[in-house]
Engineer: 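Pasting a structure here, questions to come.
For the single chain, residues carry numbers from 1 onward in sequence order.
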Amino acid sequence: MKNSQNQEKIVKEVLDDFKQRAEARKNFDLIWQINMNFLMGNQYCNVGFGGQIEEIDRQYFWQEREVYNHIAPVYDIRYAKLSRVKPDINVIPATNDERDKQTAKASKKIYKSLKNKLEIENKINQAIKWSEVCGTVFYKVGWNSKLGQTVGVDEEGNKIKSGEVEFSVVSPFEIYPDSQVNESLRDCQSIIHAKAYTVEQIKNMYGIEVKGSKINTFALDNVSVGIGGLGFNGTATKVIETTKNNSAIVIEKYIRPNSEFPNGRLIIVAGDKLVYDGELPYLCGEDKTRDFPFIRQTSIEEPGCFWGSSVIERLIPVQRAFNAVKNRKHEFINRLSLGVLSVEDGSVDLDNLEEEGLCPGKVLVYRQGSVEPKYLQGETLPAGLSDEEDKLLDEFNKISGVNDLLSASTISSNISGNALELLINQDETRLNASIESIKFACKEIAKKILRLYKQYAVFPRIAKIIGEQGQIEMFYFSSSDISSDDIELENQTDGAQTLTQRRDMIFSLLEKGIFQDENGMLTNRMKCKILEMLGLGIWENAQDVNELHLKRADKENIKMLKGEHIDISEIDDDKLHLNEHIAFMLGEDFEKAKTKNAKLEKAFLEHIQKHKKKMEG
């Protein structure tokens with residue numbers, strides 16, 4: 001009974017904390033909903049006094065209410081440029097020891113094999129979409145013991161799995177920090193991840209039954225929202241609040257390690273039931289510390305705020321003004337084309353005139369002695385409307401920081417290549433903050449994945465990567481093969497470069513002779529690499545002879561370590577083999593093996609001596 005009362009107390013505390021955090025985040029929820037509506041084309045909405053999204057109705061039946069969406073193209077351009085940022089990672093060895101170098105290579109192979117398996121690049125693209133709309137998005141890197149290879153069967157006949165990393169994108173609507181003024185996840189002492197699931201999903205995940213109810217959520221719907229011109233209505237996709245039936249909210253509350261909970265604390269509440277209350281499960285922090293499984297990515301960092309901002313927020317006032325100018329302009333054109341009649345009272349049949357107007361060939365009958373109906377003198381279209389329209393279009397480019405140079409009217413036809421390149425670089429500069437956030441997120445993703453494998457990959461497991469000449473390279477690994485998670489990014493400077501920019505750089509380096517050898521010639525290996533960089537060849541189809549010799553020497557080291565006798569071959573590159581054998585003998589693995597096998601050092605020295613004699617001969 002006491003345990004049950006304690007669980008009820010914990011559940012109540014978590015639910016109350018969740019409600020408080022949801023209330024504190026409500027203003028940001030409204031901003032994100034407005035951003036999504038404007039992106040989708042529902043641009044006649046605003047936040048009402050009740051804290052809800054309200055539609056703005058037409059004031060008159062003839063009022064023009066078209067939407068001229070310039071936010072969507074800006075979003076498309078930014079997404080197209082940011083989605084090119086996919087930096088490769090490089091794992092740095094913990095020390096110069098040969099063992100650490102090998103484990104660093106193995107760690108890089110492990111991450112490379114998981115990129116396609118976990119669809120990391122596709123999910124990064126998905127996250128970029130969220131961050132560009134809402135300003136903030138999160139990645140969740142966890143461990144699912146129900147996935148992976150089957151390693152055994154328990155007493156009840158259920159399969160025991162080896163486990164696998166679970167990688168997902170989390171929208172900002174699901175994350176609740178302990179304070180809205182924390183500038184990063186590191187500043188948060190606790191964080192809540194809340195998501196609605198059906199009762200069937202909860203039973204499959206946790207094996208418990210909870211009471212289902214209607215949960216409010218958001219959805220997209222194509223409905224009529226009072227847009228369009230004179231005489232017709234249009235439709236637009238809007239974000240509406242809907243309900244999810246027979247569902248419950250699963251709340252995961254993560255608490256950092258502190259004096260009360262040295263290993264941190266994780267509380268999971270499904271509906272009104274306590275599912276888990278224990279320490280943080282993942283050693284995914286620095287120096288094998290327990291940490292949150294989340295990674296934060298922003299579009300535009302805001303100082304003193306946990307949530308980043310979106311460029312859409314800055315464009316909404318300009319978009320509203322642009323819609324107003326365009327619609328007033330069309331209303332003026334409607335008056336010019338349809339005309340405004342001046343009619344004396346009682347001179348004509350007004351009902352007939354209002355219904356048919358003055359159509360061509362119409363016989364207009366008016367009362368004798370009265371003034372005949374006539375059109376009022378029309379005015380010309382004010383030049384100020386067109387000037388304001390052009391200024392607003394220019395303001396879109398200035399505020400968003402992106403521009404489609406191919407369609408820009410300001411680009412002269414005789415502009416030089418260097419000037420055009422400067423314009424392109426200036427156009428990319430405004431994206432640097434978003435690009436750096438993506439790179440940081442990619443780095444943290446790789447770190448957390450390797451740390452989770454270091455913690456949980458106890459059983460040897462098989463992985464595969466694409467090797468030389470496109471063949472599949474299979475390899476086994478376990479947690480002992482991962483000794484370093486110090487990650488650096490490769491190709492950081494050209495994350496947003498296009499293929500054309502890379503080609504121009506390669507041709508420039510070719511002209512300066514950078515790729516030539518000491519004899520001023522291009523080797524076959526370098527030719528293949530240049531063709532690959534130009535997009536005309538594949539590195540995997542070019543045999544790197546030096547790399548093959550190094551791999552052969554590595555295999556010889558392993559075989560001799562097992563006691564096998566290895567003879568040298570006429571095709572061996574003796575210099576490369578010597579360096580590889582000597583480096584292996586200086587490593588920690590060889591020192592340990594030498595203490596168990598006294599003849600091991602003699603065998604290696606004899607093999608090295610054969611290579612030296614072959615070089616001298």
Engineer: Kindly indicate whether the side chain of R25, heavy atoms from C-beta on, has any atom under 4.5 Å from the side chain of W32.
Structural biologist: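 Yes, their side chains come closer than 4.5 Å.
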
Engineer: Quiz question: by atom type and distance under 3.5 Å, do the side chains of E166 and W143 form a donor-acceptor pair?
Structural biologist: no

Engineer: For side chain to side chain contact (heavy atoms under 4.5 Å, CB included), just list the numbers for V269 and I267, CA-CA rounded to whole Å, side-chain angles, deciding distance to a tenth of an Å, and then say yes or no.
Structural biologist: CA-CA 7 Å; V269 175; I267 306 172; 4.1 Å; yes

Engineer: Closest approach of C442 and I124, non-hydrogen atoms and distance?
Structural biologist: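 For C442 and I124, the tightest heavy-atom pair comes out as SG-CD1, 3.6 Å.
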
Engineer: Rounded at 0.5 Å granularity, tell me how far OG1 in T136 sits from CZ in F138.
Structural biologist: 6.0 Å

Engineer: Looking only at atom types and distance, does a side-chain atom of K123 sit under 3.5 Å from a main-chain N or O of F167, one as donor and one as acceptor?
Structural biologist: yes

Engineer: Taking the six-membered ring of F261 (Phe, Tyr or Trp), confirm whether the NZ or CZ of R256 is under 6.0 Å from its centre and within 45° of its axis.
Structural biologist: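 Judged by the rule (NZ or CZ under 6.0 Å from the ring centre, within 45° of its axis), R256 is not positioned above F261.
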
Engineer: Report yes if the side chains of K81 and R84 come closer than 4.5 Å at any heavy-atom pair, otherwise no.
Structural biologist: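 With C-beta onward as the side chain, the pair touches.
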
Engineer: Start with the C-alpha distance between S400 and R314, add both sets of side-chain angles, then the distance that settles side chain to side chain contact (heavy atoms under 4.5 Å, CB included), and finish with yes or no.
Structural biologist: CA-CA 8 Å; S400 65; R314 303 176 180 179; over 6 Å; no

Engineer: Can you give me the closest heavy-atom contact between I215 and A196, atom names plus distance?
Structural biologist: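 Looking at all heavy atoms of both residues, the shortest contact is CG2-CB, 3.9 Å.
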
Engineer: What closest approach, in Å, do L452 and G142 show between heavy atoms, and which atom pair accounts for it?
Structural biologist: CD1-O, 3.6 Å

Engineer: So do the side chains of T289 and P257 get within less than 4.5 Å of each other, counting heavy atoms only?
Structural biologist: no

Engineer: Might you point out which heavy atoms bring L15 and G271 nearest each other, and give the distance in Å?
Structural biologist: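 Smallest heavy-atom distance, with atoms named: CD2-O, 4.1 Å.
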
Engineer: Main chain of A441, side chain of E444: is a donor-acceptor contact present, judged purely on distance under 3.5 Å?
Structural biologist: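 No: the side chain of E444 does not pair with the backbone of A441.
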
Engineer: Would you find a donor on one side and an acceptor on the other, under 3.5 Å apart, between the side chain of N144 and the backbone of K146?
Structural biologist: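 Pair found, side chain donor or acceptor close to backbone of K146.
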
Engineer: Is there a donor in the side chain of N37 and an acceptor in the side chain of N42, or the other way round, less than 3.5 Å apart?
Structural biologist: yes

Engineer: Tell me, with the steps shown, if R552 and E556 meet salt bridge (charged side-chain N to carboxylate O under 4.0 Å, His left out).
Structural biologist: CA-CA 6 Å; R552 181 184 176 93; E556 290 178 356; 3.7 Å; yes

Engineer: Do H581 and N557 have side chains that get closer than 4.5 Å, going by heavy atoms?
Structural biologist: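 The answer is yes; the side chains approach within 4.5 Å.
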
Engineer: Salt bridge (charged side-chain N to carboxylate O under 4.0 Å, His left out), that's the test. Do E591 and K594 meet it? Break it down for me.
Structural biologist: CA-CA 5 Å; E591 291 294 329; K594 186 174 65 173; 3.5 Å; yes

Engineer: Nearest 0.5 Å, what's the CD1-CD distance between I255 and Q189?
Structural biologist: 10.0 Å

Engineer: Any sub-3.5 Å donor-acceptor pair from Q455's side-chain atoms to P281's backbone N or O?
Structural biologist: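 Looks like yes, one N/O pair under 3.5 Å.
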
Engineer: Distance check, rounded to the nearest 0.5 Å: F28 atom CZ versus C134 atom SG?
Structural biologist: 12.5 Å

Engineer: Would the distance check show the side chain of S247 and the main-chain N or O of N245 forming a donor-acceptor pair, the cut-off being under 3.5 Å?
Structural biologist: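 Yes, S247 side chain to N245 backbone: donor-acceptor pair under 3.5 Å.
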
Engineer: Looking at D178 and C188, would you say the former's side chain and the latter's main chain have a donor-acceptor pair under 3.5 Å?
Structural biologist: no

Engineer: Does the cation-pi check pass for R290 over Y282, that is, NZ or CZ under 6.0 Å from the six-membered ring centre and within 45° of its axis?
Structural biologist: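 Output no; distance or angle outside limits.
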
Engineer: Please examine the side chains of F306 and S179, heavy atoms only from C-beta on, and report whether any two atoms are closer than 4.5 Å.
Structural biologist: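 Of all side-chain heavy-atom pairs linking F306 with S179, none is under 4.5 Å.
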
Engineer: Hey, does V133 have a side-chain heavy atom less than 4.5 Å from the side chain of Y75?
Structural biologist: yes

Engineer: Could you verify whether a donor N or O on one side chain and an acceptor N or O on the other, from T298 and E301, lie under 3.5 Å apart?
Structural biologist: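 Yes, side-chain donor-acceptor contact under 3.5 Å.
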
Engineer: Starting at CG of L431, measure out to CG of L82 and round the result to the nearest 0.5 Å.
Structural biologist: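 Between atom CG of L431 and atom CG of L82 there are 5.5 Å.
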
Engineer: Report the C-alpha distance between W130 and F173 in whole Å, list the side-chain angles of each, state the deciding distance to 0.1 Å, and finish with yes or no for side chain to side chain contact (heavy atoms under 4.5 Å, CB included).
Structural biologist: CA-CA 10 Å; W130 274 108; F173 288 99; 3.8 Å; yes

Engineer: Going by salt bridge (charged side-chain N to carboxylate O under 4.0 Å, His left out), E252 matches just one of R265, K140, K195. Which one?
Structural biologist: K140

Engineer: Drop me the distance from K454's NZ to K288's NZ, to the nearest 0.5 angstrom.
Structural biologist: 5.0 Å

Engineer: Step by step, would you call N246 with T198 a side chain to side chain contact (heavy atoms under 4.5 Å, CB included)?
Structural biologist: CA-CA 6 Å; N246 199 27; T198 63; 5.9 Å; no

Engineer: Name the residue from F294, Y254, Y139 that meets the ring-ring contact (aromatic ring centres under 6.0 Å, His included) definition with H193.
Structural biologist: F294

Engineer: Less than 4.0 Å between a side-chain N and a carboxylate O, is that true for R451 and E286?
Structural biologist: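 R451 and E286: salt-bridged.
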
Engineer: Locate the shortest heavy-atom distance separating E302 from W307; write the atom from each residue and the value.
Structural biologist: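 E302 and W307 have their closest heavy atoms at CB-O, 3.8 Å.
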
Engineer: Between K211 and D272, is there a salt bridge with N-O shorter than 4.0 Å?
Structural biologist: no

Engineer: Whether the side chain of D187 engages the backbone of E183 through a donor-acceptor N/O pair (distance < 3.5 Å, no angle test) should be reported.
Structural biologist: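 Indeed, once roles are kept as given, a pair shorter than 3.5 Å links the two residues.
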
Engineer: If you define the side chain from C-beta out and look only at heavy atoms, does anything of C45 sit under 4.5 Å from I34?
Structural biologist: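 A side-chain contact under 4.5 Å exists here.
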
Engineer: To the nearest 0.5 angstrom, please state how far the CG atom of L274 sits from the CD1 atom of I251.
Structural biologist: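 It is 11.5 Å, given to the nearest 0.5 Å.
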
Engineer: State, to 0.1 Å, how close A72 and L39 come at their nearest heavy-atom pair, and which atoms those are.
Structural biologist: CA-CD1, 3.8 Å

Engineer: Could you check whether Q297 and S437, counting side-chain N and O atoms only, form a donor-acceptor pair closer than 3.5 Å?
Structural biologist: no

Engineer: Is there a side-chain contact between S299 and R78 in this structure, where contact means two heavy atoms from C-beta onward sitting under 4.5 Å apart?
Structural biologist: yes

Engineer: Are more than 12 heavy atoms, taken from residues, nucleotides or ligands other than E209, located less than 6.0 Å from that residue's CD atom?
Structural biologist: no

